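It should be emphasised that the depicted structure is a prediction, and the values quoted were computed from it without experimental measurement. Throughout, residue positions are numbered sequentially from 1 according to the sequence presented.
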Amino acid sequence: LTIHGSKNGVVAKKPCTLTNLIIMECNWSGVEAMAPCTLTNLKIMQCRNGVKAMAPCTLTDLEIMQCRTGVKAKASCTLTDINIMQCKKNGVEVYPPSDTHVVLNCTNINVSGCKKSGIHASGYNGGYNPVWGLTISQRTSTIILRGNRTLITGNCLGRYIYMYGLKAPYSKIQIVK
């Protein structure tokens, strides 16, 4: 099944399993998972976000190409055998909601050719921000990378500052043998 040129390819408001889809040229997300989902054997191209995970998800055997962001996770997820290529921003971006800790377990993930960081684990240690005049809650994330086919290479191709292959302010990235 091919989904082409819609606002969102698939919006999952209830738990679901999606398999064997091609999703192309969506204005927003190829898949926006607002409930726990299992995504298997998907090809997502030229969408704002390849996958936007608002709830815990399992992603297996995905190819994400030329999206603004490959995988944008706001909840803990498992990623296995994922190829993310030529994103306009970050390949994988984790941005936890307030007062939470998000964990991404990645096995055999390949992120290459992205304009910003290959993997960006956002975070904030919390506390009072005098510039904004308010207290910001703590939010942290952990990205665990494993698998002999895991490769984060050839990213940071845009004219951005402070971009890295792996970036984790106030968060952490673990590389497991």
*asked:* Between Ser171 and Ala168 (side chain of the first, backbone of the second, donor and acceptor by atom type, cut-off under 3.5 Å), is there such a pair?
replied: no
*Of all heavy-atom pairs between Asn108 and Arg149, which one has the smallest distance, and what is that distance?*
OD1-N, 3.0 Å
*How far apart are the closest heavy atoms of Leu104 and Ala73, and which atoms are they?*
CD1-CB, 3.7 Å
*Could you give the distance from NZ (Lys72) to CZ (Arg48), rounded to the nearest 0.5 Å?*
7.0 Å
_Connected via hydrophobic side-chain network under 4.5 Å: Met45 and Val71_ = no
*Ile23 and Lys43, any side-chain heavy atoms less than 4.5 Å apart*: no
*Report whether Leu59 and Met54 are members of the same hydrophobic cluster (ILVMFWY, side-chain heavy atoms less than 4.5 Å apart, transitive linking).*
no
*If you take all heavy atoms of Ile143 and Cys106, which pair is closest and at what distance?*
CG2-SG, 4.1 Å
*Where the side chain of Thr100 meets the backbone of Pro96, is there a donor-acceptor pair that is under 3.5 Å apart?*
no
*What distance separates Thr19 OG1 from Leu39 CG, expressed to the nearest 0.5 Å?*
10.0 Å
*Between Gly9 and Cys26, what is the shortest heavy-atom contact and its length?*
N-SG, 3.4 Å
*asked:* Is there a path of hydrophobic side-chain contacts, each under 4.5 Å between heavy atoms of I/L/V/M/F/W/Y residues, joining Ile44 to Leu21?
replied: yes
*When rounded to the nearest 0.5 angstrom, what distance separates CE in Met24 from CD in Gln46?*
6.5 Å
_As a quick check of understanding, evaluate side chain to side chain contact (heavy atoms under 4.5 Å, CB included) for Leu62 and Asn83, giving each step before the final call._
CA-CA 6 Å; Leu62 270 64; Asn83 286 313; over 6 Å; no
_Could you see if Ile175 belongs to whatever hydrophobic cluster contains Ile82? Use Ile, Leu, Val, Met, Phe, Trp, Tyr and a side-chain cutoff under 4.5 Å._
yes
*Report whether Leu166 and Val94 are members of the same hydrophobic cluster (ILVMFWY, side-chain heavy atoms less than 4.5 Å apart, transitive linking).*
yes
*Could you walk me through whether Val92 and His120 pass side chain to side chain contact (heavy atoms under 4.5 Å, CB included), step by step?*
CA-CA 6 Å; Val92 176; His120 183 180; over 6 Å; no
*Take Asp61 and Thr80 through the test side chain to side chain contact (heavy atoms under 4.5 Å, CB included) and record every step on the way to the result.*
CA-CA 6 Å; Asp61 194 22; Thr80 305; over 6 Å; no
*Measuring from Lys52:NZ to Cys47:SG, what's the distance to the nearest 0.5 Å?*
13.0 Å
*Between the side chain of Asn155 and the main-chain N/O of Cys114, is any donor-acceptor distance below 3.5 Å?*
yes
*Does the side-chain hydrogen bond (donor to acceptor under 3.5 Å, both in side chains) test come out yes or no for His101 and Thr142, once each step is laid out?*
CA-CA 8 Å; His101 182 78; Thr142 300; 2.9 Å; yes
_Is there a side-chain contact between Val176 and Leu145 in this structure, where contact means two heavy atoms from C-beta onward sitting under 4.5 Å apart?_
no
*Between SG of Cys37 and NZ of Lys14, what distance do you get to the nearest 0.5 Å?*
12.5 Å
*Which heavy-atom pair separates Gly70 from Cys87 by the least distance, and what is that distance?*
N-SG, 3.4 Å
*What is the minimum heavy-atom distance between Lys88 and Lys115, and which atoms define it?*
O-CB, 3.1 Å
*From Ile84 CD1 over to Thr69 OG1, what is the distance, rounded to the nearest 0.5 angstrom?*
10.0 Å
*Is there a donor-acceptor pair under 3.5 Å between the side chain of Asn90 and the backbone N or O of Ser117?*
yes
*Mark yes or no for whether Asn8, through its side chain, and Ser29, through its backbone, hold a donor-acceptor pair below 3.5 Å.*
yes
*Go through the steps for Thr107 and Leu79 under the test side chain to side chain contact (heavy atoms under 4.5 Å, CB included), then give the verdict.*
CA-CA 6 Å; Thr107 303; Leu79 285 69; over 6 Å; no
*Judged by atom type as modelled, is there a donor-acceptor pair below 3.5 Å linking the side chain of Ser76 to the main-chain atoms of Val103?*
yes
